Amino acid sequence: MFSNQEILRAGDTDQDGQLDFNEFTKYLEERERRLLIMFDSLDRNHDGRIDVSEIQQCFHSLGVPITLGQAKKILQSMDRDGTLTIDWLEWRDHFLFNPLHNMEDVVTYWKHSSMLDIGESLAIPDEFSKKEIRSGMWWKQLLAGGVAGAVSRTGTAPLDRLKVLMQVHGSQTQGRSMWKGLMEMIKEGGIRSLWRGNGINVLKIAPESGIKFMAYEQIKKLIRGQHETLRVRERFIAGSLAGAIAQTVIYPMEVLKTRLALRRTGQYSGMADCARHILRTEGIRAFSKGYLPNLLGIVPYAGIDLAVYETLKNTWLQRYRAGTSADPGVLVLLACGTMSSTCGQIASYPLALVRTRMQAQASIAGSPQLSMVALFQHIVAQEGFLGLYRGIAPNFMKVIPAVSISYVVYENMKRVLGVTSR
């Protein structure tokens with residue numbers, strides 16, 4: 001139900017802190033008008049009643065597949081006369097003081113939010129509605145997500161660099177604790193060395209997010225034409241293709257990030273010096289090393305991330321959607337996003353490790369220059385199957401702080417930029 005303060009904010013047109021009779025009447029009239037528009041949009045056969053199939057069709061069109069049983073449960077929460085249909089009066093009375101403005105709120109609440117940045121770049125991008133694009137909210141949300149990602153990545157950069165070192169040096173780090181690894185980094189280059197490679201990792205957020213968003217929107221139009229929302233399978237295809245395009249464009253920055261994270265004290269003076277050195281000693285092709293496993297990693301990461309998230313979302317909707325609000329709450333959203341991203345990481349981690357080693361091969365003295373398949377075989381032969389998951393411990397350790405930092409920063413940035421929740 002709406003709180004008194006929410007009704008006051010919506011109806012207090014003269015901003016005097018009070019709601020008089022005329023303002024309350026206007027508020028009810030406007031609310032009823034909106035509800036009638038929503039009712040008519042759901043009543044597809046125009047018989048003056050909403051049935052189970054129409055509720056199911058509505059959710060399907062918004063990208064939230066529900067069963068007839070789930071639709072029936074939603075309908076029964078509003079059906080007072082037991083006819084298994086909802087007429088206009090039942091609809092109006094149920095939602096007149098209910099904060100659910102429209103059925104799209106379910107999708108809005110459950111969007112796989114860009115606020116969750118765990119340092120990986122393979123997640124499917126958010127889908128913005130036409131209203132968000134027209135109002136300019138999309139770029140504000142991207143900016144808020146970008147700033148949140150930058151702060152989050154900076155906060156967890158020491159763990160990220162430790163992961164890269166463990167991935168590349170493989171068996172040399174076996175038996176070495178994470179604490180010892182961090183101490184060795186500090187001993188070699190001081191406290192600042194913990195953040196090597198973070199600058200380029202933060203810089204690539206902006207071009208990658210922008211390219212991914214634009215590519216996703218164009219692919220979405222090719223798949224669905226003027227339909228606003230993609231189905232889950234279509235989101236996976238569009239998101240994977242958009243991610244592949246973005247990764248292709250910014251991939252040289254990925255190579256630079258790995259080389260800068262691995263550099264010794266005094267080896268390079270900065271990003272530009274590192275790029276010049278690679279170009280001079282290894283040629284332009286060095287900037288594409290590891291590109292194939294990186295591209296292949298998008299499919300398992302994006303697919304499992306989306307599948308787990310949709311499963312958790314639909315489980316919540318099935319059990320608790322009969323209530324009056326579509327909002328699952330912050331903890332549920334954070335938990336679902338974290339679990340789905342972690343599952344995606346586990347599935348794609350061997351490919352990520354091989355990518356990182358291929359990026360670093362030329363910089364390690366005496367290291368053989370192996371292809372993707374040969375490197376997989378080499379790692380399994382020398383280090384065993386678990387060698388493909390070298391460095392995953394610090395990767396997991398950074399998930400909770402990364403999610404927490406990015407959420408807090410994202411929410412504060414939304415307030416600063418004036419981003420509305422709907």
Side-chain angles (χ1 to χ4, degrees), residues 108-129 131-161 163 192 194-217 239 242-243 245-247 249-251 253-254 256-257 260-261 270-271 301-302 305 309 330-331 333-338 340-342 344-345 395 397-422:
T108 301
Y109 282 124
W110 283 97
K111 274 203 307 189
H112 204 338
S113 184
S114 56
M115 68 186 177
L116 299 178
D117 188 304
I118 58 172
E120 301 297 329
S121 309
L122 307 179
I124 289 174
D126 273 346
E127 187 169 346
F128 296 103
S129 66
K131 183 180 178 182
E132 286 172 316
I133 292 172
R134 281 196 301 267
S135 66
M137 284 296 168
W138 67 272
W139 71 262
K140 292 182 179 180
Q141 289 188 44
L142 283 181
L143 178 59
V147 173
V151 176
S152 170
R153 292 183 186 194
T154 301
T156 58
L159 287 169
D160 193 63
R161 186 180 179 223
K163 176 195 75 174
R192 287 185 64 187
L194 297 175
W195 278 267
R196 283 179 187 166
N198 183 60
I200 192 77
N201 198 30
V202 168
L203 276 177
K204 70 187 179 73
I205 292 174
E208 184 174 23
S209 298
I211 293 165
K212 194 185 284 188
F213 167 71
M214 289 186 288
Y216 185 82
E217 287 300 311
I245 293 168
Q247 281 289 300
V249 176
I250 62 100
Y251 192 74
M253 299 176 82
E254 294 281 1
L256 275 177
K257 179 210 162 193
L260 288 166
M271 284 182 269
Y301 184 97
D305 182 21
Y309 191 79
V330 170
L331 289 177
L333 287 173
L334 289 180
C336 291
T338 302
S340 62
S341 297
T342 302
Q345 279 189 61
N395 202 48
M397 277 191 68
K398 73 175 185 173
V399 169
I400 292 177
V403 168
S404 304
I405 293 167
S406 56
Y407 173 71
V408 171
V409 176
Y410 181 78
E411 288 300 308
N412 281 286
M413 280 301 299
K414 283 205 308 183
R415 278 194 287 273
V416 170
L417 295 170
V419 176
T420 55
S421 296
R422 296 186 180 118

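Please read all numbers here as calculations on a predicted model, not as lab measurements.
Annotation: side chain to side chain donor-acceptor pair (under 3.5 Å) contacts of R161 (sequence neighbours excluded): none. Under the side-chain contact (heavy atoms from CB on, under 4.5 Å) criterion, L260 pairs with I200, R263, Y268, M271, C274, not counting sequence neighbours. The side-chain contact (heavy atoms from CB on, under 4.5 Å) search around M397 returns L159, M178, not counting sequence neighbours. Among residues two or more places apart in sequence or in another chain, the side chain to side chain donor-acceptor pair (under 3.5 Å) test is passed with S404 by none. Every side-chain contact (heavy atoms from CB on, under 4.5 Å) that L143 has, sequence neighbours left out, goes to W139, V147, L417. Among residues two or more places apart in sequence or in another chain, the side chain to side chain donor-acceptor pair (under 3.5 Å) test is passed with R415 by N412.
Nearest approach of T154 to A150, heavy atoms of both residues: OG1-O, 2.8 Å. Minimum interatomic distance between A157 and W195 (heavy atoms only, all atoms of both residues): CB-CD1, 3.4 Å. Taking every heavy atom of both residues into account, S152 and A402 meet most closely at OG-O, 3.1 Å. Of all the heavy atoms in G337 and Y309, the pair that sits closest is N-CE1, 3.8 Å. A pairwise comparison of heavy atoms in P207 and M253 identifies CG-SD, 4.4 Å as the closest pair.
Of the options N201, V202, N198, a side chain to side chain contact (heavy atoms under 4.5 Å, CB included) to K257 is made by N201 and by none of the others.
The shortest side-chain heavy-atom distance between V151 and M413 does not fall under the 4.5 Å cut-off.
Taking CD1 of I400 as the start and OG1 of T156 as the end, the distance is 12.5 Å to the nearest 0.5 Å. The structure places CD1 of I250 at 10.5 Å from CG of L256, a figure rounded to the nearest 0.5 Å. In this structure, D160 CG and N395 CG are separated by 7.0 Å, a value rounded to the nearest 0.5 Å. Here K163 contributes atom NZ and K398 contributes atom NZ; the two are 4.0 Å apart, rounded to the nearest 0.5 Å. Rounding to the nearest 0.5 Å gives a distance of 11.5 Å between NZ of K204 and CD1 of I211.
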Handout entry: Q247 and E208: CA distance, side-chain angles, deciding distance, side-chain contact (heavy atoms from CB on, under 4.5 Å) verdict
Key = CA-CA 7 Å; Q247 281 289 300; E208 184 174 23; 2.6 Å; yes

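The backbone N or O of A206 lies less than 3.5 Å from no partner atom in the side chain of S209, so there is not a single donor-acceptor pair.
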